[in-house]
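Some notes on the structure that comes next.
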Amino acid sequence: MKTLTVPLYNHDGKQVGDQELSPAIFGVAMRPTVLHEAVVAQLANARHAIADTKTRGEVRGGGKKPWKQKGNGRARAGSTRSPIWVGGGITFGPSSERNFSQKINRKKKNLALRMSLSEKVSGGTLVVLDALEIPAFKTKHVAALFAALPTKTKKRLVVLPVRDEKVLVSGRNIPGVRTVNAASLSVVDIIDAGMLITTKAGVAAIERILGPKKA
């Protein structure tokens, strides 16, 4: 395969070399149908039913038959909580127990992740740092780093090889910034981000997670 590289930057936003990327992870051809399926599945799995109506069995009252079956000239009725009565239950209404989840196999999910990462590389919105070390719990340190980087956008996704409290806490007050671990990377997060920022260790973690599994 052809060698794939992106610029490698330091904390001052200066290029200090090149970062080699695996073409099998960051150089995958786009297949819109697979990507669409993965996005729809992720959004559906995160969806929770809120609207809820009561059926005739859940509405309060209606235990007594309103009038005798025959002899009064009126239609037969067994309960005042029938759906055709005012105050009765709802037929085919929304339920809080509705399940919106969709299944997608691991192969397709990982392929969608590789395609979305490849799109960042081809679009020039993947920024790799030699290291990401914040000296203190200060928002200004992360803000200064973003200001020094070449790609300017409000939506940034910071991908860390492992959880780093200083980076997480220092960046969460900046609008549009989201920090995730490489193991928790999702297709929607990647697509939604205008710029994806990671480190050499982050690239290695992504390639280890999404690369071919050893027998």
Side-chain angles (χ1 to χ4, degrees), residues 4 6-9 19 21-48 100-129 131-134 139 141-143 145-211 213:
L4 185 63
V6 292
L8 183 67
Y9 297 95
Q19 173 63 43
L21 304 174
S22 170
I25 308 297
F26 295 93
V28 180
M30 180 60 65
R31 291 170 57 186
T33 53
V34 175
L35 193 63
H36 177 266
E37 185 178 344
V39 170
V40 170
Q42 183 180 335
L43 294 177
N45 292 338
R47 186 178 175 185
H48 299 286
F100 295 99
S101 64
Q102 296 184 17
K103 289 184 179 180
I104 181 171
N105 62 52
R106 189 184 299 271
K107 223 175 206 181
K108 275 189 177 180
K109 182 181 177 182
N110 288 345
L111 176 58
L113 281 168
R114 291 194 289 266
M115 288 190 297
S116 55
L117 288 169
S118 301
E119 189 69 15
K120 291 298 179 189
V121 175
S122 62
T125 53
L126 172 65
V127 175
V128 181
L129 302 170
L132 180 54
E133 297 174 356
I134 304 300
T139 301
H141 294 310
V142 178
L145 171 63
F146 290 157
L149 295 177
T151 307
K152 308 300 180 184
T153 178
K154 290 185 177 180
K155 283 193 173 183
R156 305 177 180 94
L157 178 65
V158 181
V159 182
L160 304 172
V162 292
R163 185 181 177 89
D164 187 325
E165 288 295 331
K166 284 184 179 178
V167 177
L168 184 65
V169 173
S170 300
R172 67 187 179 187
N173 288 332
I174 303 175
V177 174
R178 179 171 166 78
T179 304
V180 298
N181 297 345
S184 304
L185 200 57
S186 72
V187 176
V188 173
D189 285 342
I190 298 172
I191 294 175
D192 188 55
M195 178 168 64
L196 193 152
I197 304 168
T198 189
T199 62
K200 292 174 65 175
V203 170
I206 292 170
E207 292 180 349
R208 184 179 65 255
I209 294 167
L210 297 179
K213 304 301 178 185

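Minimum interatomic distance between Ser170 and Val142 (heavy atoms only, all atoms of both residues): CB-CG2, 3.5 Å. The minimum heavy-atom distance between His48 and Phe100, with the atom names listed, is C-CE1, 4.3 Å. Scanning both residues, Ile191 and Ser116, for their nearest heavy atoms gives CG1-CB, 4.3 Å. Nearest heavy atom pair, residue Leu4 against residue Phe26, reads CD2-O, 3.4 Å. Ala38 and Ala112 get closest at one heavy-atom pair: CB-CB, 3.4 Å. Among all heavy-atom pairs drawn from Ser118 and Gly27, the shortest one is OG-N, 3.2 Å.
Residues satisfying the side chain to side chain donor-acceptor pair (under 3.5 Å) test with Asp189, not counting sequence neighbours, are Arg178, Ser186. Contacts of Arg163 classified as side chain to side chain donor-acceptor pair (under 3.5 Å), with partners at least two apart in sequence or in another chain: Glu165. Considering only residues two or more places apart in sequence or on other chains, Leu43 meets the side chain to side chain contact (heavy atoms under 4.5 Å, CB included) condition with Val39, Val188. Under the side chain to side chain contact (heavy atoms under 4.5 Å, CB included) criterion, Thr139 pairs with Asn173, Ile174, sequence neighbours left out. Applying the side chain to side chain contact (heavy atoms under 4.5 Å, CB included) criterion to Lys166, with sequence neighbours excluded, gives Ile134, Phe137, Asp164. Asp192 is linked by a side chain to side chain donor-acceptor pair (under 3.5 Å) to Lys155, counting only residues two or more places apart in sequence or in another chain. Legend: residues meeting side chain to side chain contact (heavy atoms under 4.5 Å, CB included) with Pro150, ordered by chain and number and at least two apart, are Tyr9. With sequence neighbours left out, the side chain to side chain donor-acceptor pair (under 3.5 Å) criterion links Glu37 to Lys108.
To the nearest 0.5 Å, the span separating CD1 on Ile206 from CG on Leu113 amounts to 9.5 Å. The line from CG of Leu35 to CD of Glu119 is 8.5 Å long, rounded to the nearest 0.5 Å. Note that the CD1 atom of Ile197 and the CG atom of Leu129 stand 7.0 Å from one another [nearest 0.5 Å]. Note that the OG1 atom of Thr153 and the CG atom of Leu196 stand 11.5 Å from one another [nearest 0.5 Å].
The backbone N or O of Lys107 sits less than 3.5 Å from a side-chain atom of Asn105, completing a donor-acceptor pair. The backbone N or O of Ile104 lies less than 3.5 Å from no partner atom in the side chain of Lys109, so there is not a single donor-acceptor pair. A distance-only check finds a donor-acceptor pair linking the side chain of Arg114 to the backbone of Leu210 [under 3.5 Å].
For Gln102, the CD atom sits in a packed shell: over 12 heavy atoms of surrounding residues, nucleotides or ligands are nearer than 6.0 Å.
Residues Ile25 and Leu117 meet the side-chain proximity criterion, which asks for heavy atoms closer than 4.5 Å. Residues Met30 and Pro32 are in side-chain contact: their nearest non-hydrogen atoms beyond the backbone lie under 4.5 Å apart.
Counting only residues at least two apart or in different chains, side-chain hydrogen bond (donor to acceptor under 3.5 Å, both in side chains) contacts with residues 198-207 are absent.
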Problem set entry | Verdict with supporting geometry, Leu185 and Ile209, side chain to side chain contact (heavy atoms under 4.5 Å, CB included) | CA-CA 10 Å; Leu185 200 57; Ile209 294 167; over 6 Å; no
